[in-house]
Chemist: 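Dropping a structure here in structure tokens format, bear with me for questions.
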Amino acid sequence: MLKATITTSDGLKEIDIEAGEGVETGTWFNLVHPEPSELRVVSEITEAPLDLLRAALDMEESSRIEVEDDHILIITNVPRVEEGALFAYDTIPLGIVISRDFITTVCLEENDVLSDFDAIHHHFFDTRKRTRFLFQILYRSAVLYLKDLRLMNRRTDEVEQDLRRSMKNKELFLLLDLQKALTYFTVALRSNRSVIERLVRLFSNASVHHLVKLAEEDEELLEDVRIEYDQAIEMVQVHSDVMGSTMDAMASVISNNLNIVMKFLASVTIVMAIPTMFASFFGMNVPIPWQNHPLGFVYAMIVAAILAIASIFLLWKKKMF
């Protein structure tokens, strides 16, 4: 569904383009998994090239900035949680196209970054102030990264406590999923931070001042965005180091537990071999002590038991039992 909204004095106004309603300067087009026909309609209205609008529809697209004629494309990777999965974090490209009179966002699916820019929170943003609106989207993305990182850290602590009680594959797989998510976040945050730096240089260029202008309050918001991303990058690096140390520690614990089990089984095998050896001797057709004595077998078992107990004591003294 093609969504178009604009901030007015009465709040956020929705525009039904399919019903033939006209658009005004400052309209925001929010395209979620758009059909080709919707892309063509937006392209005709905003005069933005179709390749700019389609760029964010590639899941493997990395964060970047592209300037073409009177349009600026900003692609940033935003966090998401996969549906139906427990703490399965990932990132998805979000394209933001700034035109002379409009701003367009393109994404393959609904995301939490844009969900707060609705009629309920219309007092906090203005689609007509495209530069500030862009920075607010980037700021919201950074805040969500920090939120998800805190949740991942809490989840890691819970899984670690479960692993301390019992080693199960389920917890290990959860740690692997969290470690993979941290890797995705690390790559996305660093590339997003590079985009912020490029934005600073781009907006200082006089050739784009007809599209975007930095007001004093916009500069302050941009600085907040940079600080949030720096904090997120530092946090994800710390979490990655902690996760790596945790995985190494768990691998050592698992290896040590395996060694303990193997040592115990080897000790049991040694102890059980003594009665087996005596039984084997008495099953041979050769002369042996007490073979004609009525209690010969009992004596043999007593000697075997004494030797077995002695071996248990020796193994216990050497901490092998």
Chemist: Do the rings of Phe117 and Phe125 sit parallel, tilted or perpendicular, given the 30° and 60° boundaries?
Modeler: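 Rings of Phe117 and Phe125: perpendicular, as their planes differ by over 60°.
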Chemist: Side chains of Leu39 and Leu31, heavy atoms from C-beta outward: is any pair under 4.5 Å?
Modeler: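 A side-chain contact under 4.5 Å exists here.
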Chemist: Are any non-hydrogen side-chain atoms of Ile45 and Phe29 less than 4.5 angstrom apart?
Modeler: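 Heavy-atom side-chain distance check passes, below 4.5 Å.
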Chemist: So, for Val200 and Arg226, which heavy atoms are closest and what is the spacing to 0.1 Å?
Modeler: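 Smallest heavy-atom distance, with atoms named: CG2-NH1, 4.1 Å.
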Chemist: Should Leu138 and Leu199 count as side-chain neighbours, where that means a heavy-atom distance under 4.5 Å?
Modeler: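 Of all side-chain heavy-atom pairs linking Leu199 with Leu138, at least one is under 4.5 Å.
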Chemist: State, yes or no, whether a side-chain contact exists between Leu114 and Arg140 at a heavy-atom distance under 4.5 Å.
Modeler: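 Sidechains of Arg140 and Leu114: no contact.
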Chemist: Can you tell me if CD on Glu234 sees more than 12 non-hydrogen neighbours from other groups inside 6.0 Å?
Modeler: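 Incorrect, the count does not exceed 12.
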Chemist: Measure the shortest side-chain to side-chain distance between Arg40 and Pro36 over non-hydrogen atoms and say whether it is less than 4.5 angstrom.
Modeler: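 A side-chain contact exists here, since the closest heavy-atom pair is under 4.5 Å.
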Chemist: Going by an N to O cut-off under 4.0 Å, is there a salt bridge joining Arg193 and Glu197?
Modeler: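 Looking at Glu197 together with Arg193, the answer is yes, because their closest N to O distance falls below 4.0 Å.
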Chemist: I need the minimum non-hydrogen distance between Asn77 and Ser63, along with the two atoms involved.
Modeler: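 So the minimum-distance heavy-atom pair works out to ND2-OG, 3.1 Å.
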Chemist: The criterion is side chain to side chain contact (heavy atoms under 4.5 Å, CB included); which residues satisfy it with Leu176, sequence neighbours excluded?
Modeler: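 Residues passing side chain to side chain contact (heavy atoms under 4.5 Å, CB included) with Leu176: Phe173, Gln179, Met247.
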Chemist: Roughly how far apart are Thr5 OG1 and Ile15 CD1, rounded to 0.5 Å?
Modeler: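 Going from OG1 on Thr5 over to CD1 on Ile15, the span is 7.5 Å.
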Chemist: Going by heavy atoms in the side chains, are Phe124 and Asp116 under 4.5 Å from each other?
Modeler: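 Answer no - side chains too far apart.
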Chemist: Would you say Met262 has more than 12 foreign heavy atoms packed within less than 6.0 Å of its CE?
Modeler: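 Counting other residues, nucleotides and ligands, CE of Met262 stays at 12 neighbours or fewer.
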Chemist: Quick check on the 6.0 Å ring-centre criterion: do Tyr89 and Tyr184 meet it?
Modeler: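 No, the ring centres sit 6.0 Å or more apart.
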Chemist: A side-chain contact here means heavy atoms from C-beta on lying under 4.5 Å apart; do Asp126 and Phe133 qualify?
Modeler: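 No. Closest side-chain heavy atoms not under 4.5 Å.
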Chemist: Have a look at Val113 and tell me which of Ile137, Thr105, Thr76 forms a side chain to side chain contact (heavy atoms under 4.5 Å, CB included) with it.
Modeler: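 For Val113, the side chain to side chain contact (heavy atoms under 4.5 Å, CB included) test succeeds with only one of Ile137, Thr105, Thr76, which is Ile137.
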Chemist: Are side-chain heavy atoms of Arg190 and Gln237 found at a separation under 4.5 Å?
Modeler: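 Counting from C-beta outward, Arg190 and Gln237 do come under 4.5 Å.
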